[in-house]
There are 2 protein chains.
Amino acid sequence: MAATIKDIARVAGVSTATVSRVINNLGGYNEETEKKVMAVAKALGYRKNENARSLVQKSTNTIGVIMPDVTTAFYGDIIKGIEDTSYEHGYSVILTHAGSHGSRIHESMNLMGERRVDGLIIVSVELHETAIEALTSLGIPFILLSTKTNREDTPYIKVDDYSAAYTAVKYLIDNNHRSIGMAGANPDDSIAGSPRINGYTQALLDHGIKVDLNLIKPGGFSFESGKTAMQAFIEDEASITAVFCASDEVALGIMSTCFENEISVPNDISVVGYDNSKVSHMSIPPLTTVAQPLYEMGREGCLEVIAAIQNKCKIESKVIPHELVVRKSVKKLT
Amino acid sequence: MAATIKDIARVAGVSTATVSRVINNLGGYNEETEKKVMAVAKALGYRKNENARSLVQKSTNTIGVIMPDVTTAFYGDIIKGIEDTSYEHGYSVILTHAGSHGSRIHESMNLMGERRVDGLIIVSVELHETAIEALTSLGIPFILLSTKTNREDTPYIKVDDYSAAYTAVKYLIDNNHRSIGMAGANPDDSIAGSPRINGYTQALLDHGIKVDLNLIKPGGFSFESGKTAMQAFIEDEASITAVFCASDEVALGIMSTCFENEISVPNDISVVGYDNSKVSHMSIPPLTTVAQPLYEMGREGCLEVIAAIQNKCKIESKVIPHELVVRKSVKKLT
DNA sequence: TTGTATGCGTTATCAG
DNA sequence: CTGATAACGCATACAA
């Protein structure tokens, strides 16, 4: 049994109120009692019970984080931003997976509610109407990272996927590529799928290039998805000179299959990724990619939530700028 | 203000005791009151307060996880194993970073203590005497993952780094490599550094190969560390035909620098990694590496901790088997 | 400067 | 089957 303030009070011969005061150094007691209480506390190995505190203070100093997964570099960077920031501000983070397709999202939010987290950060999960209801009914500040909803009252931080995709494809076009494939986006994903596809097609159209639907290989953001897409391009005998990928891992999948088939990147085919996650500079060749400031998104989102908790102010949605990081996976055609 | 069982009791015209009973369906009440209580609970949007529960039950159903970082695939896989498992068993996970060199380890453990986590999992941080004291004084079940101490009373799950390294280097020797470099291990790291170096040197010695200290490039487990090491090999004009790396990321760093210098892997130089993390099959060429069952370590460790929480049994240390995953980064010399 | 008393939301032990 | 009531560990308004 861990010691409580009662134990300290008894041993030190003071009241629990006094103990509480010196433990939280609120001042208003003389030095002697302070010394005595602190000494007893140390002797007894006292450690405050945050849960009991939370109960009376009606605040847990805890931030909940819900994300689909943590095994990709993408999420790793974000959670690091969140954890670092919350730590700096005296908050703990409690983490839960939403399941692969947000399947556990309701249970996750419920759990966060029962734990009475002070704020909530939801990363990359697409929220449907019932989930949004449940979320807002929690009555705590929250923010969405790298995702959004079609409602006004759900603040988010994300890049503009449409224009980020547009930037990437335009870069390819500027390098004289005319036959450009796209891989790894799910058209049914209205947050991060279709906007990227639309950015891709619009860039093509704006430069007088006909869109060939066969050149769009839908899929998930995974490495395997990239491999599959490239295999399809090969089977199609598609005459593409470049591929725009919906994630860095997809890009690596493309490059991996190219390698297996002795197709050289970027000599035979150019590749552009998306995310600028840690893997992008580790690939061979290093990957040219659209950067999302992942760590900063985590940090920024966490900061916003904390501010909202403390000042009870509203959180504004924010579209953050993307940036093209040019490395070595794109060849300039002549 | 969230509704409490008091509110429900008042509205439903029963006592809080009864409400509590039906909420936790403990039985011993008639159907009518159950229906009534449930209806009121739903109407009021009641959500139980886990903190209050924890207080009286003296158990938080929470597991703490401390790791140096979450941005590498290595930790991602482990935490996923932990989170999945704890979720299945009704536990929440609260996560904190220990800081780069375990610098925040004391604060982290203290935080976990104050949160009254029921069990603790510490991943990959080297624990010194004072930290061990603090850890055991928490008085809760804990386990170390991928690390250990020199004391008997600190259970762990890890692979045998020495023999894993030995296996990797022996594989290289079996493929007729005789001049083998090593990169990315820190000799001052007695857990994951020196054992791997020792495994490397012993494999060499056992096969009549002289150990050349110039061929051992110490460093961290990072990509950059691998790049630096390979640059050093090049500057040394070392006549190596293979490099054993202390992590997959180091291996990718080696391969990256090779690429920049037009050294072909595996034709000019063979590379073996360590971890079998997600990046190892995404590299070009796919990386031959020593596999640690990361997800399973997370799962297994979590299971042990939960068992210890519930049955108050001791946790046994466990050395789990490693395995060489052969892919395409090693060339068989003739 | 210090102590008393009360309550936070819940469970659990009694009686009834 | 149900209801008082006392904890749980702590903070705090109010008294002294």
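Proteins come first, then strands; the chains are lettered A, B, ... in the order of their sequence lines, and each starts at number 1.
Side-chain contact check for D7(B) and Y46(B): no donor-acceptor pair (N or O, by modelled atom type) lies under 3.5 Å. For S54(B) and N51(B), the side-chain atoms include no donor-acceptor pair closer than 3.5 Å.
Between the C1' atom of dT11(C) and the CG atom of N51(A) lies a distance of 15 Å, rounded to the nearest Å. Atom P of nucleotide dC10(D) and atom CZ of R115(B) are separated by 14 Å, given to the nearest angstrom. N61(B) has its CG atom 14 Å from the C1' atom of dT11(C), to the nearest Å. Across the protein-nucleic acid pair, R10(A) atom CZ and dG9(D) atom C1' stand 14 Å apart, rounded to whole Å. At whole-Å resolution of the value, CD in E50(A) and C1' in dC8(D) are 16 Å apart.
Scanning residues 29-36 of chain A for heavy-atom distances under 4.0 Å to DNA chain C yields Y29(A), N30(A), T33(A).
No contact: V19(A) has no heavy atom under 4.0 Å from any strand.
S137(B) meets the side chain to side chain donor-acceptor pair (under 3.5 Å) test with no other residue; sequence neighbours excluded. Contacts of S108(A) classified as side chain to side chain contact (heavy atoms under 4.5 Å, CB included), with partners at least two apart in sequence or in another chain: I66(A), T96(A), R104(A). Here R47(A) pairs with N110(B), E114(B), R116(B), L138(B) under the side chain to side chain contact (heavy atoms under 4.5 Å, CB included) rule; sequence neighbours left out. Taking Q310(B) as the reference, Y91(B), I306(B) meet the side chain to side chain contact (heavy atoms under 4.5 Å, CB included) condition, with sequence neighbours excluded. With sequence neighbours excluded, the residues that form a side chain to side chain donor-acceptor pair (under 3.5 Å) with S59(B) are D118(B). A search for side chain to side chain contact (heavy atoms under 4.5 Å, CB included) contacts involving K314(A) returns nothing, not counting sequence neighbours.
For dA11(D), one of the phosphate oxygens OP1 or OP2 lies less than 4.0 angstrom from a side-chain nitrogen or oxygen of R53(A). Taking only side-chain nitrogens and oxygens, N24(B) comes nearer than 4.0 Å to OP1 or OP2 of dT11(C). A close approach under 4.0 Å does not occur between any side-chain nitrogen or oxygen of N49(A) and OP1 or OP2 of dC8(D).
Within the structure, salt bridge (charged side-chain N to carboxylate O under 4.0 Å, His left out) contacts touching residues 87-97 of chain A (residues at least two apart or in different chains) are E88(A)-R299(A). Evaluation of the salt bridge (charged side-chain N to carboxylate O under 4.0 Å, His left out) test over residues 34-43 of chain A, restricted to residues two or more places apart or in two chains, returns E31(A)-K35(A). Contacts classified as side-chain hydrogen bond (donor to acceptor under 3.5 Å, both in side chains) and involving residues 64-78 of chain A (residues at least two apart or in different chains) are given here: D69(A)-T71(A).
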Between the protein and nucleotides 4-8 of chain C, are there any N/O to N/O pairs under 3.5 Å, and if so, what are the atom names and distances?
unit_1: dC8(C); atom_1: OP2; unit_2: K6(B); atom_2: NZ; d: 3.3
unit_1: dC8(C); atom_1: O3'; unit_2: K58(A); atom_2: NZ; d: 3.1

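Inter-axis angle, ends of the helix from dT1(C)-dA16(D) to dG16(C)-dC1(D), five pairs per end, rounded to 10 degrees: 40°.
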